[in-house]
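Both backbone and side-chain heavy atoms feed into the values below; hydrogens, waters and symmetry mates do not. Predicted model only: the values in this text are computed from it and were never measured.
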Amino acid sequence: MGGDNVNDHVEVLVVGAGPTGLTLACDLQRRGVRFRVISAADHGFEGSRAKGLQPRTLEVFDDLGVLPDLQPRGALYPLLGLHVGPLTLPWVMYKRYKPTEAVPHANTLLVPQNETDASVRRRLEELGGAVEYSTRLVSYEQDLDGLVATVEGPAGTDRIRARFLVGADGGGSIVRLNAGIDFVGTTDETDRMIVADVTLGGLSRKRWHVWPRNGGRFMALCPLPGSDKFQLMLKLRPDENADLKRDAVNRLVQEFVGRAKLRVEEIHWASVWRPNIRLAARYRRGNVFLAGDAAHVHPPTGAQGLNTGVQDAYNLGWKLAQVLAGAPDALLDTYEAERQPVAARVLGLSSEIYAGISNQPLAATKRGDEERQLTLTYRTSGQSPDGAEPREAVRVGDRAPDARFTDSQGRPGRLFDVFRGPHFTLIAVGDRAIDGLARINWPDRGAPLRTVALAADAAHGLRRIYGIQEPAHILVRPDGYVASVVHDNWIAAFDKHAQLMLPPLAS
């Protein structure tokens, strides 16, 4: 095939500009990777669909610089108002957590998806990137050098040579179909739900209103922050028509609640959701990768799908950049090894919650710690040789918590401020560990290294949170997960990890 008639050369072609594709584009842009991100849509997504941002995703957006723009557009979830007969019962879905030293972003944030998309897109533009809308992937062919993709856009047909292709193009992914990767799972065509953004009269905005019914039917109206809209979720009977016109939806709503004063005045966006619960058999084929809904699709319960996709992108971005800089290609195999088990677990969790709506509707409205995605770990993946002792609270593969410290120069700080950026972080705790920093060699290509030197008696919070009792080096990856915890033989341990994640040192 060669490079004949190729119009452009990039290192990464990202297909899809939802939350996953946009997050990946931001990360690649700040790493100096040459990429293009295309979307078959004419513009950004306009509905509220995936409206819950979990604490771990807020940490990702903090690192990428998205959070200052995004956070004011959201709100904490309101209390539920369960309408049972003539009664309205107060109910807590999301427990309110107090921010802590280790978890500064403690609560799930209610943000319509269109606002999330727009904030990440604005951040991409601030960094110097842009989305190419009305541009669709037609086909691609892999070869020894990567692949050549054919795309069609407003200016005609382009052939783009890329080293890597990432499919973030949703459940019907063209990238996945062309790669021949199975999408394992089920779709129930008889189980349908209307999801819509509506303006309506006759309902207080102080509650997320839920009307449970027998047989798993329910209707919910959640007030969306920053507007007069509600998100409507209405589960249909098998024989009901999924008509998305305003009058038809208004009739369904009024029949459901038996309240004529509750009226749908306008529909801003609407769709019919079916429980399409699937997981890609592989996340990689050659130089082609899947992320987000292209790799896993979830029920809307539990606010898991968008968050899992964002973290797919956050896991993949630094690995693509490292391999482009000369790190071993095997680093990219760890993407599937780490993220596929997470998606499988999250699929099980959201499916369990959705099934609970039929069996125990009140219990199904409860949300706990697992949904917050702070405890997700890569401990079982093949990429992380565990140098930590079992006694330590934080181990290799775990999320690196925030913590306060005073460094060896007497300067106060927080770990999340240190982590923010495209680098690795090496934390040295104790005099012997600090002395070991001088002997660390780091390649001049790929992600840089930032070091933090902490006297043992000036890092009480960090030592408590991380469970460190003796001098230690803690290496934190660019995506905020612990790569190693070692207490001696600093150079040997570092070299071991250099072989996995870094380009070779210059001779």
Side-chain angles (χ1 to χ4, degrees), residues 18 41-52 75 77-78 80-89 110-118 170-172 187-276 297 299-301 303 305 354 357-358 361 364-365:
D42 296 331
H43 47 70
F45 184 69
E46 295 183 328
S48 68
R49 185 167 54 199
K51 62 185 183 298
Y77 272 79
L80 288 186
L82 287 172
H83 296 269
V84 182
L87 302 177
T88 301
L89 306 177
L110 172 61
V111 190
Q113 183 179 330
N114 58 300
E115 293 286 3
T116 298
D117 284 17
T187 302
D188 187 349
E189 297 290 347
T190 66
D191 189 355
R192 296 163 302 141
M193 183 191 305
I194 291 176
V195 183
D197 294 344
V198 301
T199 300
L200 50 79
L203 193 65
S204 166
R205 294 185 59 82
K206 294 181 180 179
R207 291 283 187 269
W208 181 349
H209 302 270
V210 178
W211 290 264
R213 292 291 185 268
N214 293 333
R217 294 193 71 223
F218 74 96
M219 187 179 82
L221 283 161
C222 180
L224 298 173
S227 73
D228 61 352
K229 300 174 186 175
F230 286 79
Q231 186 192 72
L232 166 69
M233 300 178 73
L234 193 156
K235 192 170 182 182
L236 298 168
R237 290 191 301 265
D239 60 339
E240 277 182 321
N241 184 24
D243 188 339
L244 299 180
K245 297 184 181 66
R246 185 187 66 84
D247 289 345
V249 173
N250 183 57
R251 185 170 58 253
L252 283 170
V253 167
Q254 292 189 350
E255 288 175 355
F256 205 98
V257 302
R259 190 190 302 178
K261 290 184 179 179
L262 181 60
R263 61 195 179 279
V264 175
E265 297 171 350
E266 187 176 357
I267 295 180
H268 304 272
W269 165 82
S271 67
V272 178
W273 179 85
R274 294 170 178 80
N276 186 24
V297 289
T301 42
Y354 183 71
I357 293 172
S358 298
T365 62

Asks: Can you check whether Pro238's main-chain N or O pairs, donor with acceptor, with Arg192's side chain at less than 3.5 Å?
Replies: yes

Asks: Ignoring hydrogens and angles, tell me if any N or O in the side chain of Arg49 forms a donor-acceptor pair with the backbone of Ser271 under 3.5 Å.
Replies: no

Asks: When you compare the side chain of Val272 with that of Met193, does any pair of heavy atoms fall below 4.5 Å?
Replies: no

Asks: How long is the straight-line distance from CZ of Phe218 back to CG of Leu82, given to the nearest 0.5 Å?
Replies: 12.0 Å

Asks: Go through the structure and list residues passing salt bridge (Lys or Arg N to Asp or Glu O under 4.0 Å) with Glu266, not counting sequence neighbours.
Replies: none

Asks: Check Lys245 with Asp247, please: is the shortest side-chain N to carboxylate O separation under 4.0 Å?
Replies: no

Asks: What's the shortest heavy-atom distance between Leu236 and Ala242, and which atoms?
Replies: CD1-CB, 3.8 Å

Asks: Please name the residue in the list Ile267, Val249, Val264 that meets the side chain to side chain contact (heavy atoms under 4.5 Å, CB included) test with Leu232.
Replies: Val249

Asks: Once rounded to the nearest 0.5 Å, what's the spacing between atom CG of Asp191 and atom CG of Asn276?
Replies: 11.5 Å

Asks: Answer whether the closest heavy-atom distance between the side chains of Gln113 and Glu115 falls below 4.5 Å.
Replies: no

Asks: Can you measure from CD1 (Ile194) to NZ (Lys235) and round to the nearest 0.5 angstrom?
Replies: 13.5 Å

Asks: When you measure from the side chain of Gln254 to the backbone N and O of Leu262, does any donor-acceptor pair fall under 3.5 Å?
Replies: yes

Asks: Less than 3.5 Å apart, which donor and acceptor atoms pair up between the side chains of residues 195-208 and the rest of the protein, not counting sequence neighbours?
Replies:
{"from": "Asp197", "atom 1": "OD1", "to": "Ser48", "atom 2": "OG", "distance (Å)": "2.4"}
{"from": "Asp197", "atom 1": "OD2", "to": "Ser48", "atom 2": "N", "distance (Å)": "2.9"}
{"from": "Thr199", "atom 1": "OG1", "to": "His268", "atom 2": "NE2", "distance (Å)": "2.6"}
{"from": "Ser204", "atom 1": "OG", "to": "Lys206", "atom 2": "N", "distance (Å)": "3.1"}
{"from": "Arg205", "atom 1": "NH1", "to": "Asp228", "atom 2": "O", "distance (Å)": "3.2"}
{"from": "Arg205", "atom 1": "NH1", "to": "Lys229", "atom 2": "O", "distance (Å)": "3.0"}
{"from": "Arg205", "atom 1": "NH2", "to": "Leu224", "atom 2": "O", "distance (Å)": "2.8"}
{"from": "Arg205", "atom 1": "NH2", "to": "Ser227", "atom 2": "O", "distance (Å)": "2.9"}
{"from": "Arg205", "atom 1": "NH2", "to": "Lys229", "atom 2": "O", "distance (Å)": "3.4"}

Asks: Looking only at non-hydrogen atoms, find the nearest pair between Leu110 and Pro225 and report the distance.
Replies: O-CG, 3.4 Å

Asks: Roughly how far apart are Arg217 CZ and Trp211 CH2, rounded to 0.5 Å?
Replies: 13.5 Å

Asks: Between Lys51 and Gln231, do the side chains contain a donor N or O and an acceptor N or O under 3.5 Å apart?
Replies: yes

Asks: Do the side chains of Met219 and Phe256 get nearer than 4.5 Å, heavy atoms only?
Replies: yes

Asks: Say you draw a straight line from OG1 of Thr116 to CG of Asn114; how long is it, rounded to the nearest 0.5 Å?
Replies: 8.0 Å

Asks: Output the distance between atom CZ (Arg246) and atom CG (Asp243), rounded to the nearest 0.5 Å.
Replies: 12.0 Å

